[in-house]
Structures are given as C-alpha cells and as structure tokens.
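Encoded as structure tokens, the structure appears first; notes follow it.
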Amino acid sequence: MRKALEGSQAIALTVALCRPQVVAAYPITPQTHIVENIAKLVADGKMDCELVSVESEFSAASLVLGAACAGSRTYTASASQGILLMSEVLYNIAGLRIPMVMTCANRAISAPLSIWNDQQDSMAVRDAGWIQLYCANNQEAVDTTIQAYRIAEVTELPVMVCVDGFTLTHTLEPIDIPDQALVDAYLPPFKFARALDPANPISIGTLVSPDHYPEARHSHHHALLDAADEIIAADADWQQLSGRSAGGLLSVSGPDDAQIGILTLGSIVGTLSDASDLYTDLPATKLINLRAFRPFPFDALRFACSGLTDLIVLERALSPGFGGIVSAEVHAALAGMPGVPRIHSFAVGLGGRDIPLEIYRTLHQQIDGAEPRPFSIIDVERGRLPVEDHGI
Amino acid sequence: MNTNTQSISVDSLMKLRKNQPRFEGIESGHRACLGCGEALAARLVTEAAGPNVMIANATGCLEIFTTPWPESAWRLPWMHSLFENTGAIAAGMEAALKAQGKPTKVLAFAGDGGTFDIGFQALSGMLERGHNVLYVCFDNEAYMNTGIQRSSSTPHAAMTTTSPPGSDRMGKRHLKKDILSIVAAHHIPYAATTSVAYPSDLRKKIRRAMEIEGPTFIQIHSPCPLGWGHEGDYSIKVARLAVQTGLFPVIELERQELIGSMPIRHPRPVTDYLRLQGRFRHLFNEHDARAIEELAHIQALADHNIKHYDLCGDGVDRLDSEGADTVRRGGMRWA
Amino acid sequence: MIEVRIHGRGGQGNVVAAYLLATTAINEGWNAQAFPAFGAERRGAPVVAFVRIDHAPIKRRCQVVSPDFLIIQDEALMNIPGITEGLKTGGGILLNASKHCDSYSDEINGKLVILPATQLAQQYLGRPVPNTALLAAFLKLTDLLPQQSLIESLEERFKGAVLEKNIALVKAAAETITDNPWKTTLNA
C-alpha cells in the first residue's frame with residue numbers, strides 16, 4: 001500500500017513483515033527510528049519477536065549471531081561507530097557462514113565526530129565477508145530488505161543492506177509497503193541446516209589450523225562471487241511478484257550512446273539524475289548506480305562501461321593515505337578491458353555535507369582535460385582549511 | 001558574622017554569595033536544553049573539583065552540547081574519544097600523569113549509557129586496577145543524546161522509545177541496575193550517589209573523592225526534562241522527590257560498607273514523584289489494572305530502599321552533617 | 001515543483017510540520033518529499049526542514065536553496081542573518097508572530113503574512129506548538145491542498161484529545177486567512 005512514510009518507519013514495517021524471531025539493537029543515530037518503530041510494534045502486539053535492547057553494538061551483533069545459530073531468523077541495525085564496534089563479530093558471522101540481515105544506516109566515522117551521512121562505515125567492513133547492497137531510495141530499502149532475507153538464507157551468507165543515514169532514513173516520501181501475504185509467498189520460513197540442535201549436535205566456530213584455513217576462505221570467497229546470481233534471481237522473482245525491481249547488481253540510466261559515465265552508490269543518484277535532466281547544455285551522461293558492492297559486479301560493470309571514454313567514480317568514502325576505495329576497485333575491475341575509459345576519482349558529501357545539483361556541472365568541468373583526475377575530495381572548501389593546508 | 005538572623009538582610013547575603021569566588025570549569029552559552037540536570041551537575045562538579053584536573057568524557061549529551069566545533073564550553077583540559085572507552089581513556093591519562101609525576105587529578109565523565117552499559121567493561125577494568133580516577137556518572141536514566149532510548153539505568157516501568165507502553169507492555173520491564181553496589185564490589189575506597197537537587201551534598205562528595213588516592217565513583221541523579229517529560233523549571237523539584245520517595249537513595253560506600261546516607265525525614269509516596277513526569281504517564285490510567293500493579297511495584301522498590309539503606313531519619317541526631325552545621329549556626333537557610 | 005523551507009526551534013514540531021505537509025500532498029496523490037537538515041537538535045536550537053511537492057516522483061535529495069515559500073515558526077529567528085536567503089522572487093513568508101514588526105525591510109514586509117500561531121496553539125492545544133496552525137494557514141494561502149486532507153494527515157499521526165484539539169486549531173487557523181494571495185498550482 002502506497003503511504004507517506006519516513007524511511008526508518010518503512011524499514012521497520014518491512015522487517016516486521018519478514019517475521020524475524022529475534023531482534024537485537026543498540027541505539028545510534030541515524031538508525032534509532034528503525035529500532036524505535038520496531039519497539040512500538042512489539043509493544044502494541046503487532047510484531048511477534050523477542051526484542052532485546054542490548055548494552056552495546058558488539059552485543060547486538062553477538063546476540064543475533066547466537067540466535068541465528070540457534071535457528072531463528074534475526075535482525076539488527078547499526079551505523080558508523082556501531083558498525084566498527086561490532087566489526088569483530090561481523091567477520092565472525094560471515095566466516096561462520098551464518099544467514100542474517102542487517103541495516104547499515106550509513107553515517108560518517110569519528111574522528112572527527114559526525115552523525116551525518118556518508119558511507120565510510122560500510123566501506124570500512126567491506127572485507128568482513130558480508131554481501132553488501134546499497135539502496136538508491138526508500139522503496140529500494142524496503143524491497144532490498146525483503147530480498148536480503150531470501151538471498152541470505154539461500155546463499156548462507158549475511159547481508160548488509162546499506163541505507164543512507166538521514167538522507168533516506170529520515171526522509172518522508174511515498175513508499176509502497178507490500179502485503180504480508182506477498183512477503184510470505186516470497187520468503188519461506190527460516191530453515192537453517194547448520195542450526196544447533198540437541199537432536200543433531202554439531203560444533204560451530206572451532207580452531208582451524210593451516211591445514212584447513214585456506215580452503216575455508218576459498219569457499220567463502222567463491223560463495224560471495226556466486227551470490228551475484230542469487231542477487232539477480234531474487235530481484236527478478238520479486239519483480240514478478242511485486243512489479244518492482246530493486247536494481248539487480250547495478251542499474252544504468254541515461255542515453256545509451258553517452259560517452260561519459262558517473263558511477264555512484266546509494267541515494268546520490270537521485271540528485272545526479274535530476275541534474276542531468278536540468279543541465280541539458282552538458283554532454284550526455286550515463287548514470288551507473290551500483291547496488292551490489294560485495295560481491296563486486298565485475299562483468300555487469302564492464303558491460304555498463306563499454307563505450308565510455310570517461311568514467312567518473314563519485315564516492316562517499318575514502319581510504320586516507322591512498323584515495324578512493326570504490327575507484328580503486330573499479331580500476332581493478334576494468335583493467336585490461338578493451339577501450340578502458342579514463343577513470344576520474346572523487347569523494348563528495350563526506351560527513352554529510354549537502355550535495356547540490358551543481359555538483360553535476362562541477363564534475364563535468366573537472367574532467368574537461370586530457371588526464372584522468374586523480375583522487376580528490378571535490379567539495380572541499382579551501383577557505384575553511386587551516387592556513388597551513390591552503391596549498392594542498 | 002552576626003548570628004542574629006533578624007539583622008542580616010537577604011540582600012546583603014545575596015551580594016555575599018555573588019561575590020564569593022567560584023571556579024567555573026564550564027562556560028555558559030553551551031547548547032543544553034532548558035533545565036538540563038546534567039549541565040547543572042557538570043557545573044557543580046567542575047566547580048568543586050577545581051582547575052587542576054584532566055577530563056575524559058564519553059559520547060553523550062554533555063559532550064555534544066559543550067563542544068560544537070569550533071567552540072567549546074570547557075575551561076579545563078578535556079577529551080572525548082568514543083562511547084564505550086571512557087574508563088580506559090581515563091586510566092591512560094592517569095598512567096601518563098603518574099609516569100610524569102604530575103598531581104593533576106583525572107576525572108571521567110559519562111552518562112548512564114556510557115557507564116552502565118556500553119562503557120561497563122572499561123569502567124570495571126579501571127576500578128579493578130585501582131587507577132586514581134574520579135569517575136562521575138551523570139545519570140539521566142536513558143540514552144538521551146540519541147533520542148531517549150532505554151539503558152539499564154532506566155527505572156522500572158519508565159517509558160522510553162525502546163520501552164514504550166502499549167497493549168503488550170507497560171514500559172521498561174527490567175529493574176534499574178544497582179551500579180553502585182557493582183562498582184563498590186571492586187573494593188574501591190569511595191562510591192557515592194548524589195543528586196542535583198542537593199548541590200551542597202554533591203560538591204561535598206566531589207571534594208571528598210578528589211582527595212582520595214584511588215578509584216572513586218559518584219553517581220549524580222540528573223533529570224532530563226525532555227526525556228522524563230516535565231518542564232525545565234521542574235528539574236530540581238523532580239530530582240528532590242526522587243530522593244524523598246526513596247527511589248534514589250543518596251548514600252556513601254567505603255569499600256562496600258555503607259558509611260553514610262541522606263535521611264528522608266518525611267518519605268513521600270512514589271506517586272508524588274511519578275505523577276510529575278510524562279515518562280510515567282501510562283501508570284496513571286485508573287482503568288488499567290496493570291498500571292495499578294506497577295505503581296505498587298514501584299512503591300515496593302522505594303520501601304525496600306528505605307529499609308535496606310535505613311533512610312528514615314527521625315530524632316535530632318539523624319541529620320546529615322550539612323544540616324547539622326546549619327542548625328548549629330542558628331538555622332540560617334543560606335549556609 | 002514547489003519547494004518550502006520551514007524554520008523553527010527544536011521542540012516546535014519543525015520536522016513534524018514538514019512531514020505533515022508532505023503527507024497531505026502524498027495522500028492527495030502528489031509526490032512529495034520532506035526531511036530535516038540536522039544540526040544540534042536540542043530544545044530551542046534553530047532547526048530547518050525542507051518539503052518538495054511535485055507531480056512527478058522527486059529524485060533529488062539536496063537541501064532546498066531556492067524555496068518558493070518560507071514558513072518561520074519563531075519570530076526571533078528573523079534576526080538570524082540569511083534566514084530568508086534564496087526565497088524566489090514573488091515568494092511568500094508565513095511568519096509566526098503576534099503583530100507586524102516595523103523593523104523588517106519593505107521588501108520583507110511585501111512578502112510577509114503574519115499568523116499568531118503560538119497564541120492560537122495556546123488557546124486550542126494548551127501548548128505553544130505552532131506547527132499545525134501554520135500549516136493550515138499555509139494551505140489556505142496557497143490553496144494548494146484541501147484542509148480536510150491536512151486533517152486526515154493529523155488523524156494518521158495523532159489520536160484522542162490531542163487529535164481533537166489539533167483539528168479545532170487548524171480550522172481556527174485556516175479561518176483567520178480570508179484569501180489565497182499565494183495561490184499556486186502544480187504544473188503537470
């Protein structure tokens with residue numbers, strides 16, 4: 001049903017539809033409204049689950065891990081510092097191949113302390129072994145959360161659904177919440193073959209010597225790569241049932257013959273899309289929005305980039321002392337491709353700085369030269385730098 | 001000073017108070033809400049502690065409203081790192097100052113979230129290792145900075161956004177964690193509770209803790225008007241009632257032994273306290289049997305505290321030292 | 001597309017105002033978007049929220065820099081430099097104030113409509129929360145959306161006595177506006 005909903009509210013309602021038996025969370029801006037909405041559903045008897053208000057994010061992740069190992073579908077959500085605090089557990093969950101879903105309400109990382117939106121948090125744990133899917137708008141957040149349960153339970157890999165904090169979580173817009181019947185048709189009850197059970201006891205999380213460790217990582221790595229197929233299938237099936245796609249591995253918009261492309265993750269694509277409609281004096285541009293970052297969509301990306309002379313990678317994170325994270329992976333993915341575009345690397349909107357429509361023009365101006373632009377933070381305001389940094 | 005109460009005017013007494021030098025560790029102009037108990041508590045603490053301190057502050061309201069870059073309200077050396085590590089940061093400061101032979105006292109500031117929950121491990125470690133740190137917990141009984149979510153300090157039956165009342169729930173199901181006993185069980189030299197409604201008591205306890213070599217812990221009951229659901233000008237009244245009902249006992253422990261308590265001369269029924277706060281509004285539905293039951297529970301908790309800590313003062317000897325001194329000075333109310 | 005910027009103080013229901021306006025538009029079949037700019041959100045702190053209303057789905061997520069209208073929930077905010085910055089030529093300012101202030105420029109005065117929203121709120125709600133009264137007046141001034149639709153949005157968010165009082169309040173507030181000088185239609 002199409003309703004005016006705040007993003008967090010929609011996500012909470014969606015989680016309830018997925019029928020998790022155990023939900024654990026620790027409040028952190030901007031995830032708080034998701035958990036508060038769930039708490040209200042539980043308090044009003046509208047959601048049947050064990051809701052545990054834990055004492056830290058480390059415990060939130062640990063609690064859902066324990067619950068999943070005991071055979072329950074679970075949910076948790078966090079952001080920023082919370083993602084980092086639970087990072088040890090995130091690696092643990094993925095390495096143990098435990099199916100579960102969490103929302104990362106993307107937020108910048110301290111220090112400096114910030115409560116505002118960028119993607120440094122989810123990028124910081126890209127190596128933890130989780131599937132990572134990014135949402136371009138709140139409808140996608142709803143649809144991707146539902147699909148995430150299916151993907152997780154089929155692949156036996158945990159899924160992190162990344163939703164831009166504030167920009168999406170605290171924005172109210174028209175969102176369609178599917179019926180319970182539809183979700184039940186799409187998501188079978190949780191059946192985890194390796195759940196702990198006295199009738200069939202197994203041991204989880206044992207010490208693994210060099211005799212076996214590389215094989216575990218090999219299997220995990222390939223399971224993640226192969227999960228791309230399930231991500232596509234889950235979206236296709238959802239589209240059949242609901243009439244909507246959530247973007248598969250990535251989505252491309254703009255003229256087919258465009259030679260300039262801008263690659264992004266998350267909600268920034270909306271602003272770029274409006275800008276490209278508005279600034280008709282600028283060259284035709286393709287917008288490539290990655291939905292899946294892990295597994296990295298090598299083939300889909302190469303296909304989307306064929307024919308481009310220039311690819312702008314516009315990301316919401318960075319690796320200090322190196323440069324762009326996404327752009328580095330894009331470079332690697334496109335290396336050796338016939339007709340590799342020049343790759344320009346920018347970070348924007350770090351710490352939640354507003355990203356205006358004009359950024360579209362600025363990007364085109366920046367790449368209007370012969371050389372690919374090396375990494376820079378495009379919206380730095382030089383006048384705000386300390387005097388000693390003015391030259392850099 | 002003339003001890004004849006009739007001949008001292010209120011005016012000259014107020015002038016005296018105004019001219020009395022007080023150390024201000026926190027500057028005004030910060031961004032706390034009207035009537036913030038924590039802001040008041042922090043001001044009183046820093047006033048009593050004096051300038052030769054170093055502060056480790058957890059994530060939370062205090063840190064947020066005092067330091068919006070590029071401004072800071074602190075006139076003291078101050079650091080904020082993360083939410084969960086204040087005990088450890090403070091321990092590190094203490095170790096460094098000790099190595100450098102400097103007498104600066106380390107203060108750790110945290111809310112109930114950063115003390116009872118996410119910061120518990122680091123606090124326990126700091127206490128157990130005996131670091132010379134005064135740890136101050138500003139207890140406003142929920143995660144206020146992130147929008148009023150429950151902590152293990154939230155009192156039983158209180159409404160928060162993660163313990164909302166509804167058809168299936170009557171607010172927080174669990175009891176308020178007895179952090180003082182847990183802290184005291186680390187065999188530390190001094191642990192005490194106090195309240196912003198009793199500023200003299202608060203300052204006295206801070207001064208006492210400052211002089212002790214070793215870990216000390218002070219829990220300050222600090223109302224949050226927004227989170228507790230009352231107007232800002234009611235903060236002191238509400239805090240006072242918490243003490244007078246027995247729900248927030250004001251006590252002192254030395255190595256786990258109870259050595260002092262603020263007596264309650266006329267215990268107030270818990271409803272006097274609960275009624276003033278929106279977070280307990282759901283308990284005042286006379287048609288809801290659960291509400292009536294919860295009020296009885298809370299009264300039982302208060303009665304238990306009064307008995308357990310022997311809080312009922314009667315007779316002329318059962319006065320706290322502050323009160324006794326005042327009486328002996330002729331009963332002036334502005335001692 | 002219509003863009004509105006709502007200025008207020010923490011505790012005056014600034015975000016709720018934005019959400020209610022967008023909800024009303026969405027319930028009428030439009031597309032809309034509402035979100036706050038996030039600063040220190042303590043009670044009393046200046047806060048801003050944004051609303052966009054359009055036929056087509058709204059894709060951009062940047063802050064509103066050239067609003068068609070401003071709703072200012074607290075008169076004292078007019079002292080903040082730049083608060084009316086970006087207002088489109090011909091745009092209107094709905095200000096919560098008790099009387100006209102002579103210290104505003106002629107330019108500002110020309111765009112200004114005053115509503116004593118706090119007094120109305122005190123009268124009908126018993127609390128100085130001006131947001132719903134301002135919304136009702138805004139809808140009347142612009143003739144953008146029906147009052148009944150605003151009431152339905154209130155019914156989604158409030159209940160019991162709070163709802164009843166808010167309904168009475170918005171009706172009273174709308175009645176103080178006798179004309180639609182800011183009449184606006186969304187172009188398809």
Side-chain angles (χ1 to χ4, degrees), chain A residues 1-9 29-30 32-33 107-108 113-117 135-139 164-176 253 264 266-279 287 289 316 348-349 351-360 379, chain C residues 1 3-6 13-42 45 47-67 85-86 135 145 149-150 152-157 159:
Chain A
M1 220 196 98
R2 181 185 189 265
K3 279 197 78 182
L5 289 169
E6 192 202 14
S8 306
Q9 215 178 354
T29 308
T32 49
H33 291 187
R107 166 184 145 179
L113 179 61
S114 166
I115 57 168
W116 293 278
N117 169 228
C135 304
N137 53 54
N138 280 314
Q139 187 63 66
D164 284 319
F166 285 138
T167 316
L168 290 181
T169 58
H170 285 56
T171 293
L172 180 137
E173 49 192 15
I175 306 175
D176 181 280
S253 61
T264 51
S267 63
I268 186 182
V269 68
T271 299
L272 294 173
S273 181
D274 265 1
S276 79
D277 289 341
L278 262 158
Y279 298 126
L287 297 178
N289 205 37
R316 309 294 311 286
V348 72
R353 179 164 292 178
D354 188 49
I355 304 169
L357 290 163
E358 287 75 28
I359 203 73
Y360 185 81
D379 53 354
Chain C
M1 182 187 291
E3 297 182 300
V4 184
R5 203 166 68 206
I6 309 178
N14 178 256
V15 184
V16 172
Y19 284 359
L20 280 169
L21 180 53
T23 300
T24 305
I26 290 168
N27 289 345
E28 281 293 307
W30 304 115
N31 279 290
Q33 178 195 78
F35 59 98
F38 301 88
E41 286 185 339
R42 309 230 126 60
V47 289
V48 194
F50 310 101
V51 181
R52 293 187 168 102
I53 302 173
D54 201 355
H55 278 270
I58 297 165
K59 292 188 275 179
R60 71 193 68 169
R61 300 199 178 264
C62 39
Q63 294 180 359
V64 170
V65 290
S66 328
E85 202 172 293
L135 282 180
L145 300 160
S149 209
L150 173 62
E152 280 159 22
S153 304
L154 292 173
E155 284 166 358
E156 281 175 36
R157 193 168 277 271
K159 53 186 202 275

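The model shown is predicted, which means the values in this text are computed figures rather than measured ones. Below, all heavy atoms of this structure are taken into account, side chains as well, without hydrogens, waters or symmetry copies.
The contact between A:D354 and chain C is made entirely by side chain atoms (from C-beta outward), counting heavy-atom distances below 4.5 Å. A:D277 touches chain C through its side chain: at least one heavy atom from C-beta onward sits under 4.5 Å away, while N, CA, C and O do not. Within the 4.5 angstrom heavy-atom criterion, no atom of A:I175 approaches chain C. Contacts between A:L357 and chain C at a heavy-atom distance below 4.5 Å involve backbone atoms as well as side-chain atoms.
Partners of A:S273 under the side chain to side chain donor-acceptor pair (under 3.5 Å) rule, at least two apart in sequence or in another chain, are C:K59. By the side-chain contact (heavy atoms from CB on, under 4.5 Å) test, A:E358 is found to be paired with A:Y279, A:P356, residues two or more places apart in sequence or in another chain being considered.
Of all the listed residues (A:P174, A:G7, A:P30, A:A136), the one sharing the greatest number of non-hydrogen pairs under 4.5 Å with chain C is A:P174. Chain A forms the most heavy-atom pairs under 4.5 Å with one residue out of C:A25, C:A32, C:A18, C:A22, and that residue is C:A32. Among C:A34, C:P57, C:A49, C:S153, the residue making the largest number of heavy-atom pairs under 4.5 Å with chain A is C:A34. Ranked by heavy-atom pairs under 4.5 Å with chain A, the list C:I26, C:N27, C:T24 is led by C:I26.
At a threshold of 4.0 Å, the pair C:R61-A:E173 counts as salt-bridged, since one of the basic side-chain nitrogens sits closer than that to a carboxylate oxygen.
No donor-acceptor pair under 3.5 Å is formed between the side chain of C:D54 and the backbone N or O of C:N31.
The two atoms that bring A:E6 and A:H170 nearest to each other are OE2-CA, 3.6 Å, heavy atoms only.
Heavy-atom contacts from other residues, nucleotides or ligands closer than 6.0 Å to CD of C:E152 number more than 12.
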